[in-house]
Amino acid sequence: MEAYIGTDDRASHARFGRTDRNRPMYGPPGHAYVYLVYGMYDCLNIVTEPVDHPAAVLVRATEPLEGLDVMRASRSALRAARRKTAPRTALRTPPDHRLASGPGLVAAAFGIDVTWTGVDLCDPASPLRLEEAPDDEPPPAVRATPRIGIAYAGTPWTEHAWRFVITGHPSASGPASLR
DNA sequence: ACAACGATCAACT
DNA sequence: GTTGATCGTTGTC
């Protein structure tokens, strides 16, 4: 997960204030904010603050537990559809635990695109939703690191340790040194 | 109307 | 470690 909060956060989509795209960030917490980056990849965010306080966490990675075959299929389908020229080398299939180890890969694995923006992730009837962890499941150890892939190098906004990984988790996104 | 660029990924050197 | 793919959003003119 990676946190973005407020209009002062120069790395956040809310830095321009309220726009058509980032409207869900200003909406109620627990809803999805999905956007397209680099013309190719969808990114799933979860709104985290009350109405009119723009903030969200980007889901950078998930651990694939069920439907791995579906994840593999939708990922390669999306890759093929969005690549003009075929690679010279055969495409490598990633290890199962890395099927959703990046924000664009999470969306690809779950088949999420921008049409999902705004859905209520706390609605038990939603096909895409958050659920309570089982009582017998202890919370994992979490490590905080700087955020990844944001511009404004040298500003305080690149320094904040607002990226959170489950310590040592093999499905985490980003460089191995930051897991 | 237009130009720049981005919360990325995978291929390539 | 570097770079191409690809297009909606945003700021500027």
For this session: Round to the nearest Å and state the distance from A/D42 atom CG to C/dG8 atom P.
Result: 11 Å
For this session: Just compare C/dT9, B/dA7, B/dA10 and give me whichever is closest to any side-chain atom of A/R75.
Result: B/dA10
Seminar exercise, completed: A/F16 has its side chain closest, among B/dA7, C/dG11, B/dA10, to C/dG11
Problem set entry | C1' atoms of C/dT3 and B/dC5, separation to the nearest Å | 16 Å
For this session: Measure the distance from CG on A/L58 to C1' on B/dC9 and round it to the nearest whole Å.
Result: 14 Å
Exercise. Which residues pass the side chain to side chain contact (heavy atoms under 4.5 Å, CB included) test with A/P24, sequence neighbours left out?
Worked result: A/Y33, A/T117
Exercise. Which nucleotide, C/dG8, B/dC9, B/dT8, lies nearest any side-chain atom of A/L36?
Worked result: C/dG8
Problem set entry | Intra- and interstrand pairs of DNA chain C - dot-bracket, Watson-Crick/G-U under 3.5 Å, | marks other strand | |||||.||||||.
For this session: Check the geometry between A/Y38 and C/dA5 and answer yes if their rings are stacked (centres below 5.5 Å, planes below 30°), otherwise no.
Result: no
For this session: For B/dT8, take OP1 and OP2 only and decide whether either is under 4.0 Å from a side-chain N or O of A/R147.
Result: no
For this session: Scan A/V114, A/I112, A/V37, A/V106 and name whichever one has a side-chain contact (heavy atoms from CB on, under 4.5 Å) with A/D42.
Result: A/V114
Exercise. Do A/R129 and A/D120 meet the salt-bridge criterion of a basic N to acidic O distance under 4.0 Å?
Worked result: no
For this session: Rounded off to whole Å, could you give me the OH-to-P distance for the A/Y41 and B/dA11 pair?
Result: 9 Å
Seminar exercise, completed: Whole-Å distance, A/N22 CG to C/dT9 P, equals 11 Å
For this session: Check whether any side-chain N or O of A/R60 sits under 4.0 Å from OP1 or OP2 of B/dT8, and answer yes or no.
Result: yes
Seminar exercise, completed: Here the distance between atom P of B/dG6 and atom CZ of A/R21, to the nearest Å, is 11 Å
Exercise. Any side-chain donor paired with an acceptor under 3.5 Å for A/T145 and A/R163?
Worked result: yes
Exercise. Regarding A/R147 and the six-membered ring of A/Y4, is the cationic atom NZ or CZ under 6.0 Å from the ring centre and inside 45° of its axis?
Worked result: yes
For this session: Please report, rounded to the nearest Å, how far the P atom of B/dC5 is from the CZ atom of A/R15.
Result: 12 Å
Problem set entry | Between P of B/dT8 and CZ of A/R163, the distance in whole Å | 11 Å
For this session: May I ask you to test the A/Y41-A/L105 pair for a side-chain heavy-atom distance under 4.5 Å?
Result: no
For this session: Go through the steps for A/E63 and A/H169 under the test side chain to side chain donor-acceptor pair (under 3.5 Å), then give the verdict.
Result: CA-CA 9 Å; A/E63 178 183 6; A/H169 200 289; 3.1 Å; yes
For this session: Can you tell me the distance, in whole Å, between the CG atom of A/D113 and the C1' atom of C/dT6?
Result: 16 Å
Exercise. Quick one: is C/dT9 close enough that its OP1 or OP2 comes under 4.0 Å of any side-chain N or O from A/T19?
Worked result: no
Exercise. Taking N and O atoms by type only, does the side chain of A/Y35 place a donor or acceptor under 3.5 Å from a partner on the base of B/dA7?
Worked result: yes
